[in-house]
Amino acid sequence: MKAKLALLAFGVIFILAQSVNAADITLKITRKYLNLPVSQKQERGFMKFEVSGKQERSFKIRLAANEPDYWVFCDMTALQGQTVKISYDGDASGLSRIYEDDKIAGQDSLYQEKNRPQFHFTTKRGWINDPNGMIFYEGEYHLFYQHNPYEKEWENMSWGHAVSKDMIHWNELATALSPDNLGTMFSGSAVIDYNNTAGFNKAGTPAMVAIYTADNADRQIQCVAYSLDKGRTWTKYDKNPVIDSKAKWNSKDTRDPRVFWYKPGNHWVMVLNERDGHTVYTSKNLKDWNAESHVTGFWECPDLFELPVDGDKNRTKWVMYGASSTYMIGSFDGKTFKPESGKYYYTTGSIYAAQTFTNIPESDGRRIQMGWGRLQHPGMPFNGMMLMPTELTLRTTKDGIRMFSTPVKETNQLFNRINRWPALTASDANAKLKGFSNADRLRIKATIKLSHATNAGLNLFGQRILDYDLNFNLVNKVFYSPENITSTEITADIFIDRTSIEVFIDGGAYSYSMERKMEPGNKEGFHFWGNGIDVKELEVFQVGSAWK
Ligand code: FRU
């Protein structure tokens, strides 16, 4: 009996010792990173960093109490030599595992992880969604993005940041904008204020200005921040917000400001999604904004830009789109967008919230877009990706003017053509592709001709990469009508990465993206199918890695 009691008492003390954990730790920062263990099974709790009694940051994290699923990190560069108190209001047993290092946990295998896309941008750790603040400045393409640095699911919205000289090789920098007392950092855009209209410039250095939405429980308000060191560090404007339109719209949904300089009017233009469409605002100084006009029929993440038709700079049209990429074509006078035709789509699938770069030199003149690929990477400590950068153009087609999208020429450096075969039967083509089915990345360009409709296409381990239905005029279930209406041919340029597939049809007239998913147990590999089809041309390209 005594022994039993003693055992029971021991058990209670043991349980107490396991669950009573100090809910804070104090660390003197001497290294670049803090590494934090995360478990998706753990409830989220609030973690706070305090320096000299003042809150330095706070965020939600699933701090692993037991074996972590993966590690995330905080860049501590700005806090070197300081003493930081870290507190956590959830199960705090993981606090003692947080450690300082000059490397992030897993640094040695970074970008070589099994399911890490090899020619697409992904973040080192955590979640990404929309591209933000896309701008070219002094030789660098800046990609900011919706980011949760502390978990591979959506939360703690911040602006992550990466730069590239060619849109292929990216260098991830420190988080640019973190949540503050106005809210979390939702999507937005960036401009260079060459004329110092906002007064943020210093000693001749023009400010890079980010215009973003702060989201809080009550409202979504538009704010600005500026950087004088090419986007590396940011100062938020002390009189934020610059727009609060909740009352006017009787809606919280007012977000994702897209700003650009409208040269003919010598003023700034903002396109803001408000409740049921896109509102055009104008400003002389990026701080005071006037609502000018509103186009209904869009949701989230606006863009608006001018494009030449068929490359003719004297004949231009304006394109307006929303997060889904459906677009309208029309005219714009600096205050009002007048839709003339639409809505059309040029791309579907996993793409969402795409944005185009601003400030690309006139001598280049391209309109380059990147979109969020809503894709998973099984087992990885990160989630989401950016799809390939594409150039957007307007071309006259049998149906009128339409937008085309093709991978930018910079992507060519990735591809090395290893074979090209004309005039194959489907079974010849399947034999040629046999050795490539397990390649972790590949580009295939194929033109197939249907001679006995109804549908035909290409599978990879059972997944329908291309499914052209000539009877219903569908490409992968979306209506498609080729330029030559009597044509029975279709060309697909297919870009396969470890977790994604992007397909560009007939020179970019239509494109789509999807997760790379093989049917379990399927051994077929690449497989052209369809009744008596010809593979008129087949090309195979080896694909380089952007991370080597
Ligand atoms: C689109 C979106 C935006 C918003 C952001 C928040 O994916 O909902 O409208 O700003 O994501 O992360």
Side-chain angles (χ1 to χ4, degrees), residues 44 59-60 121-123 126-134 143-162 175-180 182-190 210-225 236 240-246 249 251-259 270-279 281 294-304 320-327 345 347-356 369-376 382-387 513:
R44 284 182 182 140
F59 51 90
K60 289 185 199 163
F121 177 76
T122 47
T123 189
W127 159 275
I128 62 182
N129 54 295
D130 317 352
N132 294 151
M134 288 173 60
L143 171 66
F144 299 89
Y145 49 92
Q146 290 288 282
H147 185 35
N148 181 1
Y150 308 113
E151 192 187 322
K152 60 179 195 176
E153 296 301 331
W154 188 92
E155 203 24 278
N156 301 312
M157 276 303 113
S158 308
W159 277 31
H161 187 199
T175 301
L177 299 174
S178 297
D180 57 32
L182 293 179
T184 53
M185 306 288 102
F186 271 24
S187 285
S189 52
I211 307 92
Y212 60 92
T213 300
D215 173 81
N216 58 54
D218 182 50
R219 55 190 60 219
Q220 292 175 340
I221 47 187
Q222 317 319 317
C223 299
V224 301
K236 285 172 180 158
N240 277 335
V242 296
I243 298 178
D244 178 352
S245 54
K246 181 187 172 181
W249 289 94
S251 166
K252 189 193 164 181
D253 292 305
T254 57
R255 61 175 176 270
D256 308 337
R258 170 42 151 165
V259 177
M270 178 196 292
V271 192
L272 184 68
N273 189 261
E274 294 181 314
R275 198 173 66 188
D276 61 358
H278 293 346
T279 305
Y281 285 80
H294 185 73
V295 181
T296 49
F298 290 111
W299 176 246
E300 304 184 322
C301 305
D303 209 340
L304 174 64
M320 181 180 265
Y321 67 68
S324 69
S325 290
T326 55
Y327 67 100
Y345 54 76
T347 190
T348 65
S350 4
I351 193 167
Y352 199 71
Q355 196 178 86
T356 59
Q369 183 190 62
M370 287 174 78
W372 167 33
R374 292 173 293 174
L375 294 161
Q376 312 277 324
F382 57 91
N383 206 347
M385 67 194 284
M386 292 302 156
L387 295 172
S513 44

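Heavy-atom basis, side chains included; hydrogens, waters and symmetry copies ignored. Order of appearance sets the numbers: ligands from 1, and atoms from 1 within every ligand.
- Take Trp159 and apply the side-chain hydrogen bond (donor to acceptor under 3.5 Å, both in side chains) test, not counting sequence neighbours, and it matches Asn132.
- Using cut-offs of 30° and 60° on the angle between ring planes, the pair Tyr352 and Trp372 is perpendicular.
- Between Arg44 and Glu151 a salt bridge is recorded (basic side-chain N to carboxylate O distance below 4.0 Å).
- Every protein residue with a heavy atom nearer than 4.0 Å to ligand 1 is included here: Asn129, Asp130, Gln146, Trp154, Met157, Phe186, Ser187, Arg255, Asp256, Glu300, Cys301, Tyr352, Trp372.
- Every ring-ring contact (aromatic ring centres under 6.0 Å, His included) that His161 has, sequence neighbours left out, goes to His142, Phe144.
- Contacts of Trp299 classified as ring-ring contact (aromatic ring centres under 6.0 Å, His included), with partners at least two apart in sequence or in another chain: none.
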side-chain contact (heavy atoms from CB on, under 4.5 Å) evaluation trace for Asp215 with Arg255: CA-CA 9 Å; Asp215 173 81; Arg255 61 175 176 270; over 6 Å; no
